[in-house]
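A, B, ... follow the sequence lines: proteins, then strands. Residue 1 opens every chain. Heavy-atom basis, side chains included; hydrogens, waters and symmetry copies ignored.
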Number of protein chains: 2
Amino acid sequence: MTTEEKIFEAAFKVFQNKGFMGARMQEIADEAGINKAMLHYFFRSKEKLFEAVFMNAFGKLAPQINEIFNSDDDLFEKIRKFTASYITFVIEYPFLPQFIIQEMNNNPDFVEKFLKEEQRPNPIKLVKQIERAIELGEIMPLSPKQLLLDIFSMTVFPFAAQTLVKGIIAISDDEFIALMEARKVHISTQIINAIQKG
Amino acid sequence: MTTEEKIFEAAFKVFQNKGFMGARMQEIADEAGINKAMLHYFFRSKEKLFEAVFMNAFGKLAPQINEIFNSDDDLFEKIRKFTASYITFVIEYPFLPQFIIQEMNNNPDFVEKFLKEEQRPNPIKLVKQIERAIELGEIMPLSPKQLLLDIFSMTVFPFAAQTLVKGIIAISDDEFIALMEARKVHISTQIINAIQKG
DNA sequence: ACCTTTGCTAACCAAATGGTTAAACTTAAT
DNA sequence: ATTAAGTTTAACCATTTGGTTAGCAAAGGT
């Protein structure tokens with residue numbers, strides 16, 4: 001593994017745990033087992049290093065989401081696939097959602113920067129699909145945006161608010177993962193039950 | 001308004017915007033329009049000041065939640081009341097959820113500190129109520145914890161991930177509030193549709 | 001009038017932090 | 001073997017940061 005990769009991985013870890021403000025360049029260097037000056041040698045500044053890490057993190061999630069948004073599956077199938085595959089993915093990177101959400105909240109200007117990108121998750125196809133399903137009478141009439149929010153909320157929230165959730169419903173890390181595994185089918189079942197006609 | 005109150009409000013504002021790590025004592029002092037030494041005069045340290053602010057923030061939310069958890073209402077009524085009153089409350093303090101979630105995630109040890117408190121939201125009564133409703137055949141069989149998570153997710157997530165949500169579904173602050181207003185009844189409708197039998 | 005307490009300020013301090021520099025080491029091409 | 005480029009280190013720097021101190025001013029009790 002090259003020094004640059006070591007730095008990147010260390011930075012990923014530290015930024016995820018402490019956030020941009022909480023992260024210390026020295027800690028990243030220690031974590032990578034190299035001299036602090038190397039951080040600046042490979043990535044000019046803390047901002048630049050963070051940007052690299054953040055973009056990479058977001059770049060992992062975005063295609064996951066986009067693939068579902070834009071697939072040709074039937075609406076129900078899409079919902080089933082999305083919740084399942086998203087949770088599978090996030091169980092591997094449990095801190096990605098809270099990391100992304102936190103940094104976006106702390107730096108709203110930063111948001112625009114990558115919302116212009118090609119990779120940017122764009123739900124318009126899914127929204128149209130929902131509208132069509134309503135017209136066809138396949139599902140109850142509702143606001144597509146609300147439905148989108150429902151799906152995202154149920155899927156992402158438990159990871160974003162991990163510590164709070166574990167604390168309030170009083171479960172261990174292992175129990176949390178088990179709960180999330182079960183959630184893969186629970187969420188789509190709930191949502192489809194709610195919107196399905198008849 | 002006393003100096004202490006001025007400090008507290010300024011701290012509340014700054015901590016909420018920047019988080020514990022991002023907040024600067026000088027900025028709090030400036031915001032309060034007083035000398036930095038006064039912060040330490042009234043609240044020994046940054047940690048203590050933060051703790052005061054955080055506990056106050058959490059203390060605002062907890063009773064809201066607990067009241068619903070422990071009321072004697074029927075399950076469906078409880079769900080309706082909770083989503084509506086929680087959203088009403090949070091629209092007034094839109095940054096409270098993300099603040100609490102962020103600081104808990106960044107400082108998991110801190111969690112235990114107040115999860116011992118009397119005020120601590122405790123869902124066991126509601127969980128039993130859900131179990132009973134299942135036994136009575138009023139709702140479909142499901143895991144009470146999942147249902148709890150569903151309710152919380154749908155209610156809290158849009159506020160916790162505010163910046164991301166506004167960015168992805170491309171809406172303004174005003175539209176966001178309107179969407180949340182509509183959500184007061186949307187959420188309970190969806191959930192009740194999903195779990196109700198027949 | 002005198003003293004004690006409380007609120008407040010300006011100046012100061014030590015530690016931490018992001019960043020730089022100059023020199024040394026490594027590698028591979030000439 | 002020499003050179004040139006890239007890599008790595010230790011020491012250093014300027015600034016920021018949380019926190020302290022000594023002294024002033026006002027208020028209130030005696």
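- Toward the 5′ end of DNA chain D lies the nearest nucleotide of A/Ala37, the other residue of the pair B/Met21 and A/Ala37 mapping further downstream.
- The interatomic distance linking A/Tyr41 (OH) with C/dA24 (C1') rounds to 14 Å, in whole Å.
- Between B/Phe82 and B/Tyr86, the gap from one ring centroid to the other is short of 6.0 Å.
- A straight line from CD1 of A/Ile7 to P of D/dT9 spans 10 Å, rounded to a whole angstrom.
- Comparing A/Arg44 and B/Asn35 against DNA chain C, the residue whose closest nucleotide sits nearer the 5' end is B/Asn35.
- A search for side-chain hydrogen bond (donor to acceptor under 3.5 Å, both in side chains) contacts involving A/Glu103 returns nothing, not counting sequence neighbours.
- Atom CG of A/Leu49 is separated from atom C1' of C/dG18 by 12 Å (rounded to the nearest Å).
- If you take NZ of B/Lys36 and P of D/dG18, they are 7 Å apart, rounded to a whole angstrom.
- Contact check on A/Glu77 versus A/Arg80 returns a salt bridge, with a Lys/Arg side-chain nitrogen under 4.0 Å from an Asp/Glu carboxylate oxygen.
- A salt bridge between A/Glu31 and A/Lys6 is absent, with no side-chain N of the basic residue lying under 4.0 Å from a carboxylate O of the acidic one.
- A/Lys46 has its NZ atom 16 Å from the P atom of C/dA16, to the nearest Å.
- For C/dC8, the OP1/OP2 oxygens have a side-chain nitrogen or oxygen of B/Thr3 closer than 4.0 Å.
- Going from atom CE of A/Met25 over to atom P of D/dT16 covers 17 Å, rounded to whole Å.
- Residues B/Lys125 and B/Asp72 approach most closely at NZ-OD1, 2.9 Å, considering heavy atoms.
- Residue A/Met38 is classed as a base contact, given a heavy-atom separation below 4.0 Å to a base.
- Across C/dG7, D/dG19, C/dG18, the shortest atom-to-atom separation from the side chain of A/His40 is found for C/dG18.
- Nucleotide D/dG18 holds its P atom 16 Å from the CZ atom of B/Phe43, rounded to whole Å.
- Between the P atom of D/dT17 and the CZ atom of A/Arg24 lies a distance of 10 Å, rounded to the nearest Å.
- If you check every strand for non-hydrogen atoms under 4.0 Å, B/Ala29 touches nothing.
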